Structures are given as structure tokens and as C-alpha cells.
Amino acid sequence: MSYNIPINQVDPTAPTPQNTPLTNAPIAQGLSRPTVPDITEDNEPEEEEEPAGTIQQAMLGLVHGKLSGLVGKSSGYVESLPVEVKKNIEALKGVQVKQVELQNQYKRECLELEKKYLELQKPLYDRRLAIITGKAQPTPEEVEAGEQQSIKDDPDYSPLPKDVQPSAAGIPEFWLTALRTHVHLNDTITDRDAEALKSLTDIRIEYLPSTEKKPGFKLLFHFAPNDFFENEVLEKTYLYQEEVGYSGDFMYDRAIGTEIKWKEDKDLTKEFEVKKQRNKNTNRTRLVRKARPTASFFNFFSPPQPPSDEAIENGDLDEDELEELEEKLEIDYQLGEDLKEKVIPRAIDYFTGKALEYEDFDDDDDDFEDIEEDDEDEDDFEDDDSDSDGDIPARRRGPPKGRGAGANQNVNPEECKQQ
């Protein structure tokens with residue numbers, strides 16, 4: 001049904017019947033001429049159709065010109081409605097409360113489904129550990145299945161000789177190699193860290209018990225005895241908020257790391273320097289050894305903590321400090337998610353490098369060259385010099401506190417409904 005509304009009856013001062021969004025609408029993603037007739041006299045000659053780019057520019061100009069002052073603000077439409085209509089609006093909010101409750105239940109059940117299948121995979125992870133450490137020999141059937149997969153991936157693959165037995169020593173430096181193949185984890189691993197990570201024997205994931213108030217998961221790094229620390233297991237726990245967020249996913253709350261019990265002079269997260277000091281009264285000199293923080297993979301177990309609401313309200317952190325902290329939180333959560341969703345379940349693909357085929361790399365600056373255009377001014381652009389302080393790389397951004405965790409992105413929604 002169409003409505004013919006005379007232009008002279010439209011009140012140009014009436015409130016817009018919608019609230020302006022916090023972000024611009026995707027007008028620039030492509031506009032076409034409307035398929036409904038314009039409000040014009042039938043006998044008027046048709047005007048030449050304007051190019052799509054001209055239309056887009058005109059619409060964008062309209063948006064920025066008339067709505068720029070309303071972005072993120074109410075247009076006043078809802079406030080102007082009669083009380084009777086406002087009651088209907090409140091009723092819809094009440095209906096949505098029940099929808100959100102069901103969404104929370106759905107996500108919790110999906111999390112239980114993830115736990116179920118993790119339990120089913122544990123014997124396979126145990127078998128992987130036994131082969132890596134040399135505690136068990138692979139069977140001919142396992143080798144054959146692996147070679148069939150290699151042929152499927154690469155038709156030119158040459159099967160291994162049948163008369164050669166698998167190594168009794170397992171696979172040396174398996175997890176160090178797998179971690180270094182992940183580009184962003186590799187950025188955190190120094191040469192000093194590599195010596196300690198050679199004793200890493202396994203990485204596992206555990207989900208927090210359903211009895212816990214907040215859901216979440218735990219990463220466990222198992223180490224053989226080494227020269228650097230006493231811990232046999234280093235843990236990193238990621239907590240979700242109790243309720244799913246606006247996007248329908250679990251939201252990160254915070255992360256908790258293990259306190260590493262470093263052996264004397266072996267703390268890889270610190271650098272030590274010796275300074276010579278002179279006593280102003282006696283002229284005697286002494287050597288003082290001081291420690292300072294340094295970049296290390298093991299900073300992963302001392303995660304940044306979100307600022308408290310009180311600190312934000314009191315202005316204890318300025319805008320730059322908050323932005324830097326958010327950057328660190330994003331990177332920390334992204335690394336945790338990548339270990340959970342990629343590295344642990346696909347460890348052999350990271351060891352061999354196959355996983356790199358599926359990584360989404362940032363654009364390489366070497367692939368681009370400067371182009372000169374008359375209508376562009378370099379003064380309109382500014383370089384982004386932001387960087388981290390060396391604890392973790394500021395290269396990949398992930399969800400900070402209050403953003404979706406993607407905890408169940410590998411779960412089939414239909415399977416959740418059937419549970």
C-alpha cells in the first residue's frame with residue numbers, strides 16, 4: 001500500500017520518528033535510485049539520472065549536515081509520545097527481558113555442550129601427549145590415517161618409507177614450534193623465553209564448573225622440570241560475565257594468571273642491570289643490582305586488569321591511559337581465544353605450518369605503493385604511532401571487557417536446541 005502525502009502537509013519541524021544511532025548508517029555502502037515514483041507531476045520531463053556517486057555524496061552531506069548534532073542523542077520522538085503509547089513501549093521492554101533470559105539459558109547450554117565434547121576429546125589429547133613425549137609409539141593405522149590426510153591436502157605428497165620405525169624420542173620442541181607458528185604469539189616469545197618453552201610438554205583447556213557464579217575457561221601449560229621456575233603447571237583463567245551481552249555472546253570479565261615461582265636470577269620477565277654507586281660522605285663505592293620489567297611470553301600469566309568503575313569515575317586514568325589499557329586487554333583476550341579455539345585443538349597444524357593457510361594476516365605495507373591524486377591532501381591523514389610497552393604486541397585487536405567472547409563459535413546452534 002502506498003501513501004500519497006502532499007509535501008506542503010509535512011511538518012518540517014516534527015521530530016524524527018527514530019533515534020539517531022551511535023554510528024553512522026551504512027549509506028555509503030551503495031545507494032540505488034528508488035524504485036517507487038517520485039512525488040512529481042506526471043507531465044514533467046524526466047531529468048537525466050545522476051551518477052550513483054553524486055547521489056551518495058548528496059545523501060552523506062544531508063546526514064552530516066542535519067544529523068551531526070544528534071548522533072548518539074534522542075531525537076525527542078519517543079519522549080513526545082502519549083503516556084498510553086509509552087506504556088506499550090515499557091511492555092515491550094518487559095517482553096525483551098524474557099527473551100534475554102532465554103538467550104542466557106541458550107548460551108549456558110551451548111557451553112555445557114562444549115564441555116561434553118571436550119570430555120570426548122580428552123583421550124585423543126592424551127594420545128597426542130604420549131606420542132609427542134615419546135611415551136607411546138604411534139600405530140601403523142595412525143600413521144596411515146595421517147598420510148592419507150597429507151595426500152588429500154597435497155596430491156604431490158610422497159608417502160614415508162614403510163620400513164622405518166617412528167622415533168622413540170617423540171617430537172622435540174613440539175609446543176615451542178607450534179606457538180611460534182602463531183604469528184601473534186610468536187611476537188611475545190623472546191630467545192630467552194624459547195629456552196624455557198622447550199620444556200613445555202602440553203597445553204590443555206578446562207571449563208570452569210557449572211557451580212561457579214561466572215562461566216569461563218582455564219588454560220593449563222604443563223612443563224617438565226626446568227632451570228627457570230618451580231611450577232609444573234602454569235594456569236591462565238578467563239572469566240565471562242554472568243549474562244550474555246547485547247550481541248548475544250558471553251562477555252569477558254577479567255583474566256587471572258598463575259604466580260610463577262622463579263628460580264634465583266631466572267625471572268624472564270625482568271632484566272637485571274648492575275649500577276655503581278658512590279657514597280657522598282665516605283666516597284666508598286658499591287655495586288647495586290636492579291631489576292626492570294622486560295618483554296616476555298611469561299607476562300601472559302600477569303594479565304592486565306580492567307579499571308574499576310570508581311577509578312573511571314574519579315578520573316584516576318586519563319583518556320590515553322584508558323586507551324592503552326583497553327588495547328592491552330583486547331590483545332590478552334584475543335591471545336587466550338586463539339589458544340582455546342585454534343592452537344590447542346589444531347596443534348599439529350601449527351607445528352607443520354599448515355595453519356598459516358587459514359590465518360587472516362594484516363596487509364603488508366610492502367604490497368602497497370604511493371599514488372598521487374589531485375583531490376587528496378596528505379595533511380588530512382595522521383600516522384598512528386600507538387604501540388605497546390613491550391609486554392604484549394599491539395598488533396591484533398580482540399574483544400576487551402564487555403565485548404563478545406565468542407565462547408561458543410564452534411557450536412552448532414541446532415545441536416544446542418536438541419540438547
Side-chain angles (χ1 to χ4, degrees), residues 172-173 175-177 179-180 184-201 203 219-237 254-308 310-333 335-336 383-396:
E173 301 181 15
W175 283 104
L176 170 60
T177 305
L179 292 176
R180 279 193 149 169
H184 305 291
L185 285 168
N186 178 58
D187 287 344
T188 70
I189 300 174
T190 67
D191 291 339
R192 297 166 67 230
D193 295 331
E195 289 301 312
L197 289 172
K198 288 179 181 179
S199 61
L200 179 61
T201 59
I203 308 178
L219 300 172
L220 301 96
F221 294 71
H222 296 261
F223 288 86
N226 60 79
D227 297 331
F228 295 91
F229 45 81
E230 302 290 346
N231 312 63
E232 294 182 2
V233 181
L234 298 181
E235 298 181 359
K236 178 76 169 284
T237 302
R254 60 194 175 97
I256 304 170
T258 296
E259 179 183 353
I260 303 177
K261 299 177 182 178
W262 296 102
K263 296 182 179 179
E264 187 175 0
D265 296 337
K266 294 294 185 178
D267 190 340
L268 297 174
T269 65
K270 296 178 181 178
E271 283 183 339
F272 297 91
E273 58 181 349
V274 178
K275 288 188 174 183
K276 193 174 183 179
Q277 294 182 340
R278 184 184 301 276
N279 188 300
K280 292 183 292 184
N281 297 323
T282 64
N283 240 11
R284 291 180 58 186
T285 60
R286 67 176 182 179
L287 297 179
V288 178
R289 190 166 177 267
K290 292 189 174 182
R292 61 182 180 184
T294 188
S296 171
F297 168 82
F298 292 94
N299 286 318
F300 180 71
F301 299 97
S302 299
Q305 295 300 308
S308 65
E310 182 180 355
I312 296 176
E313 292 174 359
N314 295 338
D316 296 340
L317 298 173
D318 60 32
E319 186 176 346
D320 290 339
E321 290 174 323
L322 282 173
E323 185 176 345
E324 181 181 359
L325 180 56
E326 180 180 342
E327 181 82 12
K328 290 182 178 180
L329 288 168
E330 289 176 337
I331 294 169
D332 181 61
Y333 291 134
L335 292 179
D383 292 332
D384 182 5
D385 296 328
S386 61
D387 199 357
S388 67
D389 60 3
D391 290 348
I392 40 182
R395 294 186 57 184
R396 185 169 187 167

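Keep in mind that what you see is a predicted model, and the values were worked out from it rather than measured. Side chains included, hydrogens not; waters and symmetry mates left out as well; all remaining heavy atoms used.
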Contacts of K198 meeting side chain to side chain donor-acceptor pair (under 3.5 Å) (sequence neighbours excluded), chain-then-number -> E195
The side chain to side chain contact (heavy atoms under 4.5 Å, CB included) partners of E235 (sequence neighbours excluded) come to K218, L220, V233, T258
Sorted by chain and residue number, the salt bridge (Lys or Arg N to Asp or Glu O under 4.0 Å) partners of D227 (sequence neighbours excluded) come out as none
Across all chains, not counting sequence neighbours, the side chain to side chain donor-acceptor pair (under 3.5 Å) partners of T201 are none
For E259, the side chain to side chain contact (heavy atoms under 4.5 Å, CB included) test, sequence neighbours excluded, returns none
Q) Which class fits the ring pair F300 and F297: parallel under 30°, tilted 30 to 60°, perpendicular over 60°? A) parallel
Residues passing the side chain to side chain donor-acceptor pair (under 3.5 Å) test with R286, sequence neighbours excluded, are Q277
Hits for side chain to side chain contact (heavy atoms under 4.5 Å, CB included) against T269, two or more places apart or cross-chain, chain-then-number order -> W262, D267, S296, F298, N299
Those residues at least two apart in sequence (or on a different chain) that pass side chain to side chain donor-acceptor pair (under 3.5 Å) with E321 are none
Sidechain-backbone polar pair: D193 side chain, T190 backbone, donor-acceptor under 3.5 Å
yes
R180 meets the salt bridge (Lys or Arg N to Asp or Glu O under 4.0 Å) criterion, sequence neighbours left out, with D191
**Request:** In plain terms, say whether E271 and R292 are close enough for a salt bridge, that is, a side-chain N and a carboxylate O under 4.0 Å apart.
**Result:** yes
Those residues at least two apart in sequence (or on a different chain) that pass side chain to side chain contact (heavy atoms under 4.5 Å, CB included) with K261 are E230, N231
